[in-house]
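Accompanying notes for the structure given below.
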Protein chains: 2
Amino acid sequence: MTSTEANSRPSSPEANSRPSSPEAGRPTKQRLAVARIMDTFEGFRSAQEVHTLLATAGETVGLATVYRALQRMAEAGEVDTLRTEEGELTYRRCSTTHHHHLVCRACGATVEIEGPAVERWAQTVSHEHGYVDVSHTLEIFGTCADCARVSTGGR
Amino acid sequence: MTSTEANSRPSSPEANSRPSSPEAGRPTKQRLAVARIMDTFEGFRSAQEVHTLLATAGETVGLATVYRALQRMAEAGEVDTLRTEEGELTYRRCSTTHHHHLVCRACGATVEIEGPAVERWAQTVSHEHGYVDVSHTLEIFGTCADCARVSTGGR
DNA sequence: GATGAAATGAGAATCGTTGTCAACTTGGCT
DNA sequence: AGCCAAGTTGACAACGATTCTCATTTCATC
């Protein structure tokens, strides 16, 4: 502590420091580790999987911290989220433009797809019904060529 | 498809002499109660809400039973499921034809919508990428006219 | 009516996710 | 260079939705 209060410069409580990035947060070691590991894989991974991946890579980051980091990155648009059919949230680094995914049920291979027509259609239909502030979720699930080839012999 | 086809028949083979309904199950009082209450409302309701609704209606059905009944009805195509943005599963009785929903974030009002063009587009895009056995989820969220009117003064 | 499989219900058990809070960093400022 | 305040972290508790367990009850059939 500063022994007694410095009478000369009480220092303004706030308003003097300018956050370099309004909602950026700090680039801590843990966040950087999470951000880095997100570049090392292709498909969508759950927070827990990311946590395990980090541990395997030698980076020890708390599970709660991984959740928080991914959450923040998702809000910032740095990663995309996808809710699996079982309800689990998964994350993946991807482009910031609005798009959807074509995911293989078997191996998880993902293809980013765009559908301007769909976007427009969603807007139009919504407005026709008086809805505003519209957003939508669209995910396509299927079996990719490779997995389909393998499964043909099964059963 | 939540499915859970993990476990088969735990009991002994037991030759089914004459299955009146292969996968129908029995029309018990509880299931009938759940089926009946599903006709009394419009939007999507979670299993817990349905359970409360039943209790309010004087029908006492265990929560687990409500879950099981809704699950079964969903598999049978008698009700439609929708995963909310928070990840909670909700159910609603609706037509068996494939369609999507336009849901109000505020009041839950739902409009069933169809988009043949979207269906075709999804198929086409998927096939272009070599995917087969394709399905998709598409939900549109927005604020309905009524709620939008109210919120204009709020906040 | 007896019988056995299916179904129910109450609560425990899971599991993903979030909250709590003390200890620790970080950045800014003196 | 060093200190303070605020932002972060991590371990674990808390939570909420859903599923599982299993003793008891109900249904359809004999």
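The chains referred to below are lettered A, B, ... by the order of the sequence lines, with proteins before strands, and numbering in each begins at 1.
- Atom CG of A/Leu32 is separated from atom C1' of D/dG7 by 15 Å (rounded to the nearest Å).
- Taking atom CD of residue B/Glu86 and atom C1' of nucleotide D/dA17, one finds them 12 Å apart after rounding to whole Å.
- Atom OH of A/Tyr67 and atom C1' of C/dT17 are 5 Å apart (whole Å).
- Regarding A/Leu63, its CG atom lies at a distance of 14 Å from the P atom of C/dG19, rounded to whole Å.
- B/Arg26 contributes no side-chain N or O that, together with a main-chain N or O of B/Arg31, makes up a donor-acceptor pair within less than 3.5 Å.
- Contact annotation for A/Thr28: backbone-only contact, meaning every heavy-atom pair under 4.0 Å involves sugar-phosphate atoms and none involves a base.
- Taking only distance into account, the side chain of A/Arg68 meets the base of D/dG10 through a donor-acceptor pair shorter than 3.5 Å.
- The two residues B/Val111 and A/His129 make their nearest non-hydrogen contact at CG1-CE1, 3.4 Å.
- Nearest-nucleotide positions on DNA chain D place A/Gln30 closer to the 5' end than the other of A/Gln30 and B/Ser46.
- Nearest-nucleotide assignment on DNA chain C puts the 5′-proximal partner with B/Gly62, out of A/Gly87 and B/Gly62.
- The CD atom of A/Glu88 sits 12 Å away from the P atom of C/dT18 (whole-angstrom rounding).
- Counting non-hydrogen atoms under 4.0 angstrom, A/Thr60 reaches the backbone sugars and phosphates but no base.
- The nearest heavy atom of DNA chain D to B/Tyr91 and to A/Lys29 marks one nucleotide each, and the one closer to the 5' end goes with A/Lys29.
- Evaluation of the ring pair (Phe, Tyr, Trp, His ring centres under 6.0 Å) test over residues 76-119 of chain B, restricted to residues two or more places apart or in two chains, returns B/Phe44-B/His101, B/His98-B/His100, B/His98-B/His136, B/His99-B/His101, B/His100-B/His136.
- Within the 4.5 Å cutoff, no side-chain heavy atoms of A/Tyr131 are placed close to those of B/Ile140.
- At whole-Å resolution of the value, CZ in B/Arg26 and C1' in D/dC27 are 5 Å apart.
- Atoms NE2 (B/His51) and P (C/dA10) sit 8 Å apart, rounded to a whole Å.
- Between A/Glu112 and A/Arg92 there is a salt bridge, since a side-chain N of the basic residue sits under 4.0 Å from a carboxylate O of the acidic one.
- Residue A/Arg31 places at least one side-chain N or O under 4.0 Å from the OP1 or OP2 atom of D/dT8.
- At least one side-chain nitrogen or oxygen of B/Gln71 sits closer than 4.0 Å to the OP1 or OP2 atom of D/dT19.
- One interatomic measurement links the two molecules: CZ of A/Arg83 to C1' of D/dT18, which rounds to 14 Å at whole-angstrom precision.
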